There are 2 protein chains.
Amino acid sequence: MHKEHNLSKNQQIIFDLIDKSPEPLKAYTILFNVQKKGIKAPLQVYRALDKLVEIGKIHKIESRNAFIACHNSSCQVAKATAFSICEICEKVTEISSAGLSKYLANFKDKDGMKYSKYNLEFFGLCKKCR
Amino acid sequence: MHKEHNLSKNQQIIFDLIDKSPEPLKAYTILFNVQKKGIKAPLQVYRALDKLVEIGKIHKIESRNAFIACHNSSCQVAKATAFSICEICEKVTEISSAGLSKYLANFKDKDGMKYSKYNLEFFGLCKKCR
DNA sequence: TTATTAATGTTATATTATTACACAGCGTTA
DNA sequence: TAACGCTGTGTAATAATATAACATTAATAA
């Protein structure tokens, strides 16, 4: 259904790190963690992140400037993202809700703008922190 | 229905600037524009912005690191924001849709997380740019 | 008045992200 | 094969965004 991307060396290193992280990672945290693998400069990280976001392997949590791996079946849906964010422990979860996706994909505003993409971030308290 | 906040001097200066701007303003653009009024340091701007966001007079467009004045009736709804963003001309419009607000306010995910707030950003092409 | 909270002013610094330039690898195609 | 386009890499420098720390003043409440 969707194209498999062969990740380059830097992309793979950085994806692996993000993928196994239980929490969103920031660019410079990533940089620090991959320096032992030979990635030395911010730009190397940002380039890999840009590409990974573009192909839907990771998502950026805009309100946190951090990145998490996609957990929607390898992500055909990089253009329709929704997350829940706990304001205490900062746990971030990707929301997979057919109802929500459908509602938002079909949403039309009065200005007749045509949407190709959206990002939704919910904030609140997770079970543990409540 | 909602409390009127008496803005402080810096808050008022910065709110006025944002309010009369047709487009979202970035913090350092604001700083540059209010230096003639005696606001000299980034922190003075950020403090005013923080407060204005907190009381709902302005919103932050997270994907753009920029700020716009609220246009939802002086904003009782700082906790439920939705915007449309044109990816070409960067025009940003606040969406007021009772249906959308209602849908999102009532949205429950499977983890039973309780949401107190959300931010939604739609991306696409506006009428002009289509 | 006194205490408390909110706002200000200032310097320095931390964090996040991009520009610019040089080059390497790979597949196409002429 | 050579020339080309495309993607990715490496490196240095710098731009853009945001906060920490500390001292002071203004506004509000007790």
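Being a predicted model, the structure only gives us computed values, none of them experimental. Letters A, B, ... mirror the listed sequences (proteins, then strands); counts begin at 1.
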Would you say the side chain of [Y] lies within less than 4.5 Å of the side chain of [X], judging by non-hydrogen atoms?
X: A/Tyr115; Y: A/Asp109; answer: yes
X: B/Arg64; Y: B/Glu90; answer: yes
X: A/Leu49; Y: A/Phe67; answer: yes
X: B/Leu17; Y: B/Val34; answer: yes

If only side-chain N and O atoms of [X] are considered, is one of them under 4.0 Å from the OP1 or OP2 phosphate oxygen of [N]?
X: B/Lys40; N: C/dT10; value: yes
X: B/Lys60; N: D/dA18; value: yes
X: B/Lys51; N: C/dT5; value: no
X: B/Gln44; N: C/dT8; value: no
X: B/Ser8; N: C/dA6; value: no

Atom-to-atom span, [atom1] of [X] to [atom2] of [N] - whole angstrom:
X: B/Ile55; N: C/dA6; atom1: CD1; atom2: C1'; result: 12 Å
X: B/Asp50; N: D/dA20; atom1: CG; atom2: P; result: 11 Å
X: B/Arg64; N: C/dA17; atom1: CZ; atom2: C1'; result: 15 Å
X: A/Glu62; N: D/dA18; atom1: CD; atom2: C1'; result: 16 Å
X: B/Tyr46; N: D/dA20; atom1: OH; atom2: C1'; result: 14 Å

On DNA chain C, compare the nucleotides closest to B/Pro42 and B/Ile39; which residue's is nearer the 5' end?
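Looking at the nearest nucleotide for each, B/Ile39 comes out on the 5' side.
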With sequence neighbours excluded, give me every ring-ring contact (aromatic ring centres under 6.0 Å, His included) pair touching residues 84-108 of chain B.
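Qualifying pairs: A/Tyr103-B/Tyr103, A/Phe122-B/Phe107.
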Ignoring hydrogens and angles, tell me if any N or O in the side chain of A/Gln44 forms a donor-acceptor pair with the backbone of A/Ala41 under 3.5 Å.
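At least one qualifying donor-acceptor pair exists.
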Contact class for A/Gln11 (heavy atom, under 4.0 Å): base, sugar-phosphate, or nothing?
sugar-phosphate
Once rounded to the nearest 0.5 Å, what's the spacing between atom NZ of A/Lys60 and atom CZ of A/Phe83?
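One gets 12.0 Å once the value is rounded to the nearest 0.5 Å.
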Could you tell me which non-hydrogen atom of A/Glu121 sits nearest to which non-hydrogen atom of A/Ile85, and how far apart they are?
OE1-CD1, 3.7 Å
Which heavy atom in A/Ile68 sits nearest to a heavy atom in A/Glu23, and how many Å separate them?
CG2-C, 4.4 Å
Is there a donor in the side chain of A/Glu62 and an acceptor in the side chain of A/Asn119, or the other way round, less than 3.5 Å apart?
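There is no such pair (donor and acceptor under 3.5 Å, judged by atom type) between the side chains of A/Glu62 and A/Asn119.
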Results of side-chain hydrogen bond (donor to acceptor under 3.5 Å, both in side chains) for A/Thr29 - residues two or more places apart only:
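With sequence neighbours excluded, A/Thr29 shows a side-chain hydrogen bond (donor to acceptor under 3.5 Å, both in side chains) to no residue whatsoever.
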Who pairs with A/Gln35 by side-chain hydrogen bond (donor to acceptor under 3.5 Å, both in side chains), at least two apart in sequence or on another chain?
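If we apply the side-chain hydrogen bond (donor to acceptor under 3.5 Å, both in side chains) test to A/Gln35, skipping adjacent residues, there are no hits.
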Listed in order of residue number, which residues of residues 15-37 of chain B have a non-hydrogen atom at under 4.0 Å from DNA chain D?
B/Lys26, B/Tyr28
Considering the terminal five base pairs at each end of the helix from C/dT1-D/dA30 to C/dA30-D/dT1, what angle separates the two local helix axes, rounded to 10°?
30°
For every nucleotide of nucleotides 22-30 of chain D, 5' to 3': is a protein heavy atom under 4.0 Å from its base (B), only from its sugar-phosphate (S), or from neither (-)?
---------
Given that A/Asn65 and A/Ala48 both sit by DNA chain D, which one's nearest nucleotide is further toward the 5' end?
A/Ala48
